[in-house]
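Contents: one structure, followed by commentary.
A quick note: this is a predicted structure, and the numbers were derived from the prediction, not measured. Computation of the quantities below employed the complete heavy-atom set of this structure, encompassing side-chain atoms and omitting hydrogens, waters and symmetry-equivalent molecules.
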Amino acid sequence: MSMPMATGVSERSSLLGTLIGACVTLIVGLAVRGLPFVRVTAAAKWCSARAIRAASERQISRAFGWIDSGSRLIPFRVACLERSLAALLLLSFSRCGVIWCMGVRGLPFTSHAWISDLDGRPLGEAESVTDYRIMLEISPLIELDRRST
């Protein structure tokens, strides 16, 4: 069962989508576990820089549906970091852009990773994500600005 989007849109996954989601999530999970975080963020910046248009809500919903259904086939826990990075990677295949964020909140201290649309609206998340202070943000808008200067 796929996670409902914060916008109320959800997408069921096909068998092919589930397999694609599993492969992408497995790649991201292995990268997160085996590479220094600076390499993971460099890969995320590369994915983000590939964007030539904003991802639609439907594309994002489909990506999360594939990742959520595919993650059941993965032999390790898929948490917010892997899920959000997998969505970024999957959307980069079609050159669609989102903003990838990592944030923290205190008492008790927690961290979280998520994606937002290019207007900064978190997608596929509970409303409480707005309680997090963004500590790291990777945006195609930032990457496009760097390329033009």
Side-chain angles (χ1 to χ4, degrees), residues 1-104 111-127 129-130 132 134-149:
M1 178 174 184
S2 62
M3 176 181 275
M5 299 291 293
T7 59
V9 178
S10 64
E11 185 87 24
R12 289 197 48 161
S13 182
S14 65
L15 177 58
L16 179 60
T18 298
L19 294 175
I20 292 169
C23 289
V24 169
T25 306
L26 180 63
I27 290 166
V28 167
L30 293 173
V32 165
R33 286 162 177 76
L35 296 175
F37 192 67
V38 68
R39 298 245 190 235
V40 173
T41 56
K45 287 176 183 177
W46 181 84
C47 288
S48 186
R50 291 178 39 82
I52 58 174
R53 65 186 165 279
S56 70
E57 284 187 30
R58 182 164 175 82
Q59 290 168 315
I60 294 166
S61 178
R62 184 180 311 124
F64 277 134
W66 290 4
I67 291 161
D68 293 340
S69 63
S71 67
R72 293 186 301 231
L73 305 175
I74 305 300
F76 48 77
R77 180 175 175 257
V78 176
C80 61
L81 180 62
E82 295 88 357
R83 183 177 187 260
S84 61
L85 286 170
L88 177 66
L89 176 59
L90 192 54
L91 291 164
S92 80
F93 293 150
S94 56
R95 313 275 317 252
C96 294
V98 292
I99 300 171
W100 181 77
C101 303
M102 278 189 69
V104 296
S111 61
H112 188 54
W114 68 94
I115 63 169
S116 297
D117 64 16
L118 296 186
D119 293 324
R121 187 175 48 130
L123 299 165
E125 296 292 331
E127 290 294 319
V129 78
T130 58
Y132 287 85
I134 296 174
M135 303 302 288
L136 177 60
E137 183 177 82
I138 296 175
S139 167
L141 304 174
I142 295 169
E143 299 307 316
L144 287 171
D145 285 344
R146 285 187 185 145
R147 280 189 270 169
S148 65
T149 57

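Across V98 and S48, no two heavy atoms sit closer than the pair O-OG, 4.3 Å. Here the shortest heavy-atom pairing between G103 and W114 reads N-CZ3, 3.5 Å. Taking both residues in full, the closest heavy atoms of L30 and F76 are given as N-CZ, 4.2 Å, listed atom of the first, atom of the second, then distance. Minimum heavy-atom separation, R83 to E125: NH1-OE2, 4.2 Å. What you find for Q59 and C96 is that their closest heavy atoms are NE2-SG, 3.3 Å. Residues L118 and P140 approach most closely at CD2-CG, 3.5 Å, considering heavy atoms.
Side-chain contact of W100 with S84: a donor-acceptor pair under 3.5 Å is present, judged by distance alone.
For E57 and R62, the salt-bridge test fails: no basic side-chain N is under 4.0 Å from an acidic carboxylate O.
Residues L90 and W66 form a side-chain contact, since some pair of their non-hydrogen atoms from C-beta on lies under 4.5 Å apart. A heavy-atom distance below 4.5 Å is found between the side chains of L85 and V40.
Residue R53 qualifies as enclosed at atom CZ: its count of foreign heavy atoms under 6.0 Å is above 12. The 12-atom threshold is exceeded at CZ of R33, counting heavy atoms of other residues, nucleotides or ligands nearer than 6.0 Å.
Taking CZ of F64 as the reference point, atom CD1 of I60 lies at 7.5 Å (rounded to 0.5 Å). Here the straight-line distance linking atom CG of L136 with atom OG of S111 works out to 12.0 Å at 0.5 Å rounding. To the nearest 0.5 Å, the span separating CD1 on I20 from CG on L16 amounts to 4.0 Å. Remark: T41 OG1 to M102 CE distance equals 9.5 Å, nearest 0.5 Å. If you take CD1 on I115 and SG on C101, they are separated by 9.5 Å, rounding to the nearest 0.5 Å. Taking CD of E82 as the reference point, atom CD1 of I27 lies at 13.5 Å (rounded to 0.5 Å).
A donor-acceptor distance shorter than 3.5 angstrom exists from the side chain of D117 to the backbone of D119, with no hydrogens or angles considered. Between the side chain of S14 and the backbone N or O of G17, at least one donor-acceptor pair lies under 3.5 Å. Judged by distance alone, the side chain of R50 and the main-chain N or O of S92 form a donor-acceptor pair under 3.5 Å.
The side-chain contact (heavy atoms from CB on, under 4.5 Å) test with I74 is passed by exactly one of V28, T25, I67: T25.
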